[in-house]
Amino acid sequence: MRIRSKAKAVFTAAIFCTATGLLGAQQKPADKSQPWMNPHLSPERRAELVLQQMTLDEKIAMLHGEGMAASKNLPPEMQAVHGLFNGGAGLVITPQRLGIPLIQMSDAAYGVRDSAMNGRYSTALPSNLASAASWDPEAACSYGGLIGRELRAQGYNMTLGGGVDLTREPRNGRTFEYMGEDPVLAGTLVGNRIRCEGAEHVISDIKHYAMNDQESGRVNVDVHIGERAMRESDLLAFQIGVKTGHPDAVMCSYNGVNGDYACENRYLLTDVLKKEWNFPGFVVSDWGGTHSTEKASAAGLDNEEEGNDFYGAALKSAVQAGRVPMAEFDEHVRRILWAEFASGVVDNPAKKSVVDVQGGFDISRHIAEQSSVLLRNQQNLLPLDKAKVQSIAVIGFHADTGMISGGGSAQVDAPGDTSGGAWHREVWFPTSPLGALKAKAPGAKFSFASGENIAEAVAQAKSAEVAVVFAWQWESEGMDLPNLSLPEKQDKLIAAVAAANPHTIVVLETGTAVTMPWLDQTGAVLEAWYAGSKGADAVANLLFGDVNPSGKLPMTFPRSEADLPHPTVIQPPAGSKNGVLSFKVDYNEGLKVGYKWYDAEHKQVLFPFGFGLSYTSFSYSGLTVSPDGSSVSFTVANTGQRAGSEVAEVYASLPDSAGEPPKRLIGWQKVELAAGENKTVHLAINPTYLSIWDEATKKFVRPSGSYRVMVGGSSAELPLTTEISVK
Ligand code: BGC
């Protein structure tokens, strides 16, 4: 494995503890006869009963974290607290004397983090962006379910996953952790992931609320955006995610939004999340994202992570002096207790057990197969014929041994990589593309070149019937990409290989869009994203046609950075410190995120949102839309020779008076069809998806006038169209 290490930039430093005095009492086992242990009572009632028993210190302890467990160099008096850590990103000390389990948190974006270094194992799923490319709520559900089970098996009872910041800035280093550029797709899929993760009895989470759309200067950036634009884009994704997934916790983000840090932003936390959306759980700050005591408390922040700068002694004195009202303070505690009861972690505490490794492999591979997107396939170069193909040159960095994964707090440890919680270094998972391809075509001759020596790669490509180039682009939290080009001369490598062999297939392992100056020279391109523990097997199944590709892009691939709303990622001024909003980013493209931007600005793209090829072909017919737009029906037929699945997409144009971009996604269905088969799809359309945010009445409203409903296989190819008129 190639290693490029950088220290974790922020917030891994100290272990905090205000709870030393509580520890003795906490070791007592739960008394099941206590009234709040009755599972027939509502979580609200049970939380209230516990709250009545708690001391001030116990309440304070529940409102902050104890520092990151990974920190070493503990002072001796902290050893007792450290003994309670399960080794994840956070610990909250709860009144165990009352039967309330400690909250043991682990990052879990695409799998449980920090496993190997704790002597454990977890499955790496394909990246979150990949799972969005499946367009499949069931795949999102199995994604969440697997993570929930593996968290519990490792002794965790709270997940820090569920990222759904919109891909407004595709160079954002966390694009792989999110669900793409459309709020309806992203919100629906993250909601299904959270729903099924929570069903495994872990405290579930959605993050980073809100507008954390770039990593550059994330702790100093003040995002400026209009209310309507925010409600119809990033906040709509969260709204759908909260409504669909019922997360127990919401993580507020590092950045500021319209003048206030997100974690002390009353509009976001109280007005929208808690009041309008009726979110019953607790708000947890991102690690080091709390900046005040009274202001944050009044705004609706319930739990400070990772330490206790503002919600430890400072909160205690604020409560004692009446600067934080008791009712407001109790409400923070009540919400955390509610989450413990509602998630089931009180009645079903996490128990360490053996992770089902094979089960994880199967789910991970299946999702990778569902989410890879076939972008190009000239003259049906793919699928390769196992019996006929004579020789294959496999080219690419680590393509003999592994596939790349996403970094930062999302990083899942590769099995056996005990070097200690990778933060900023490239990690390849041991899933061998060369091995997986060889296993498919044992009769063919294989060669391998890493691509570092372009002449060597070209020579091998020339002497083989087919060349498969595995190209990568690494992303991580805490950085943005300088541009959307493949790094390290890979564009040159691919162009040279493709010039040498017209049967060149490019497999992309990327966390976001990439530009492809070599595209026209290639035979085929498959976007495999960060493909997870069994990525190579999935790619081999797809290239040889054992699985028919069915993924569709959850984000636009632009032709160049010049076409983005912001030509460069805006950087913080030198010397910016956490705690001060030192620069402004004006997201003046507003609700025109992704395809809405390119459509409105009439910009050609490399590959449009919703695009993806199959080894079969589909046709669409018979569109009918109910007069109020609440239901849509149409027929999809498989007109080719192979079974396949088609993501059938439904878009709408709103009346001109609405002042909206040309179209928006309002629904879709993934339809599985045998060769020659057809199916009629009936979709109920959520009225919000046909609405606009009205700043005057603070509601989504349906403008009256003429709506165009369009159906097809990509945002740029919509063969069925009809109009309805809404009064
Ligand atoms: C990230 C969060 C993560 C937390 C704990 C922060 O740096 O932004 O997503 O959950 O660290 O590791």
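Read the numbers this way: they start at 1 and go in the same order the structure lists the ligands and their atoms.
Heavy-atom proximity to Ala89, at under 4.0 Å, picks out these atoms of ligand 1: 5 (C), 12 (O). Here is the list of ligand 1 atoms found below 4.0 Å of a heavy atom in Arg174: 1 (C), 2 (C), 8 (O), 9 (O). Residue Arg218 approaches ligand 1 through these ligand atoms, each under 4.0 Å from one of its heavy atoms: 7 (O), 8 (O). Counting atoms of ligand 1 from 1 in the listed order, those under 4.0 Å from a heavy atom of Arg113 are 12 (O). Each of the atoms 2 (C), 8 (O), 9 (O) of ligand 1 lies under 4.0 Å from some heavy atom of His208. Interface of Glu477 with ligand 1, defined as ligand atoms under 4.0 Å from a residue heavy atom, comprises 1 (C), 6 (C), 7 (O), 8 (O). Remark: ligand 1 atoms within the under-4.0 Å shell around heavy atoms of Lys207 are 2 (C), 3 (C), 9 (O), 10 (O).
Proximity of Glu306 to ligand 1, defined as any heavy-atom pair under 4.0 Å, is not found for any part of the residue.
The only member of Ile570, Asn172, Asp480 that meets side-chain contact (heavy atoms from CB on, under 4.5 Å) when paired with Ser216 is Asp480.
Remark: among candidates Val284, Val219, Asp107, the nearest residue to atom 5 (C) of ligand 1 is Asp107, based on non-hydrogen atoms.
Side-chain N/O atoms of Ser343 and His201 include no donor and acceptor closer than 3.5 Å. If you check the side chains of Ser233 and Arg168, you find a donor sitting under 3.5 Å from an acceptor. Judged purely by distance below 3.5 Å, without hydrogens or angles, the side chains of Thr510 and Glu527 pair a donor atom with an acceptor atom.
Tyr261 and Val219 get closest at one heavy-atom pair: OH-O, 2.5 Å.
Between Ser409 atom OG and Trp287 atom CH2 the span is 9.0 Å, to the nearest 0.5 Å.
Using a 4.0 Å cut-off between charged side-chain N and carboxylate O, Arg120 and Asp413 make no salt bridge.
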